[in-house]
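Remember, predicted model here, so these are calculated numbers, not experimental data.
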Amino acid sequence: MKIQERTGAGGGRSSVPAPPMSGERLPAPPRERKPALAALAVLLILLGALGATTLVLRAGDRIEVVKVTKPIPAGGHVSKANTASVLVAADDSIDYIPWEQLSGLMKLKAVSPIPGGVVPVGQMFTGETGLGAGQATVGLSLKEGQYPNNLKQGDLVAAYRVGNTTGTGSSTGSSDSSSSSASTSLIVDKAKVSFLQETTDSDVISSTNLPVTLTVDSTKAAELAQAAAAGQVALVLIPSS
C-alpha cells in the first residue's frame, strides 16, 4: 500500500520546466564579426604610416636655391637686395639655381621680366649683352643727389654734365668749346638704365656711390664716360613713352 501511494504522488508532478528565477540574465546572442571593416581599418593605418614616412624622406631631401623677392625687368640683374634663399624639394627635371651660384648669376641678364616671389630657373637668364647696332654701355658711379631716388632698372633717363667744366675739354678736343661750355649741358637725351646696384640697410658698403650702367648711343659713350670719370654726371628721369 505504501508503494502505490508513493507512485501516485510522483505521478501527479508536472513535466513543465520551472520558470527562471527573478534576477537571472538571459544569454546574449553572439556578436556578428565584420572582417571587411577590420581589414579597412588596418589598411588606413598602413597608408597613414606610409604617408608620414614619405613626408619625412622628402623633408630631408631639400636643396637651397635662389628666389626672386622683387620684380626684375627684362635685361635686369639679380642682386642680394632682390633675392633670397629658399629650400625646395630636389628635382632633377627642374633647372633650379643653387644659392651658392648667386655671384655668377649676377653677371647674367633676365631674358624677360621676372615677378617677385618666383623661384627662377636657368632658362630665365642669358649672358648675351643684347646691345643693338650703334649702342654702347657706360658705367657710372653716382653720389646722392646725382640721380633720382626712385631710379630703377629699365627706366629711361637723360644725362647732363654738371659743375664747372672749364679746362676739361670736349670729346672733340676743342679748347674753345671747353672754355665756353656752360655749367650744365645735355650729354644724352635718352638712355636706358640697364643695370642698377640695389642695396639694403643690412649691406656693408664701403662707398656711398651708386653703381649704374646706362645703354646709350655709341656716339655719346665717350663724352658720357669722360664726364662720369670727373664725377660731373647727373641723371634726370624721363617718361618711358
ILVMFWY network linking Val78 to Leu151, side-chain heavy atoms under 4.5 angstrom: no
Contact summary for Val233 and Leu142, nearest pair of heavy atoms: O-CD2, 3.8 Å
Pair Gln135, Thr215: side-chain N/O donor-acceptor within cut-off below 3.5 Å: no
Heavy-atom neighbours of Glu144 CD exceed 12 at 6.0 Å: no
Electrostatic pair Lys152-Asp155, nearest N-O below 4.0 angstrom: yes
Minimum heavy-atom distance Gln226-Arg161, with the two atoms named: OE1-NH2, 3.5 Å
Phe125 vs Ile114, side chain to side chain contact (heavy atoms under 4.5 Å, CB included): CA-CA, chis, key distance, verdict: CA-CA 10 Å; Phe125 299 90; Ile114 303 176; 3.6 Å; yes
Side chain to side chain contact (heavy atoms under 4.5 Å, CB included) evaluation trace for Thr83 with Leu105: CA-CA 11 Å; Thr83 56; Leu105 185 64; 5.9 Å; no
Over all atoms of both residues, closest heavy-atom pair of Gly122 and Ile97: N-CG1, 3.9 Å
Separation of Gln232 CD from Thr184 OG1 (nearest 0.5 Å): 10.0 Å
Check: Ser194 main-chain N/O paired with Thr213 side-chain donor or acceptor under 3.5 Å: no
Reported CG-to-CG distance for the pair Asp217 and Asp189, which is rounded to 0.5 angstrom: 9.0 Å
Main-chain N/O of Pro211 paired to Ser141 side chain as donor or acceptor, under 3.5 Å: no
Cluster overlap Trp99 with Leu87, hydrophobic side-chain contacts below 4.5 Å: no
Cluster link Ile72 to Leu210, ILVMFWY, side chain under 4.5 Å: no
Separation between CG of Leu237 and CG of Asn150, rounded to the nearest 0.5 Å: 5.5 Å
Nearest-0.5 Å distance, OG1 of residue Thr219 to CG of residue Leu224: 11.0 Å
Least distance between heavy atoms, Pro98 atom then Val66 atom: O-CG2, 3.8 Å
Tyr96 to Ile63 - nearest heavy-atom pair and separation: CD1-CD1, 4.1 Å
CA sep, side-chain torsions, deciding dist, call: Leu235, Leu214, side chain to side chain contact (heavy atoms under 4.5 Å, CB included): CA-CA 10 Å; Leu235 302 182; Leu214 299 182; 3.8 Å; yes
Exam field: side chain Gln153 to backbone His77, donor-acceptor pair closer than 3.5 Å: yes
Side chain to side chain contact (heavy atoms under 4.5 Å, CB included) between Val119 and Lys67, worked out: CA-CA 4 Å; Val119 176; Lys67 176 183 177 181; 4.3 Å; yes
Non-hydrogen atoms of Ala136 and Ala221 that approach each other most closely: CB-CB, 4.0 Å
Expected output: side-chain Gln146 to main-chain Gly231 donor-acceptor under 3.5 Å: yes
Verify same cluster id: Val111, Val193 (apolar side-chain graph, 4.5 Å): no
Reported NZ-to-NZ distance for the pair Lys192 and Lys190, which is rounded to 0.5 angstrom: 10.5 Å
ILVMFWY network linking Met106 to Val118, side-chain heavy atoms under 4.5 angstrom: yes
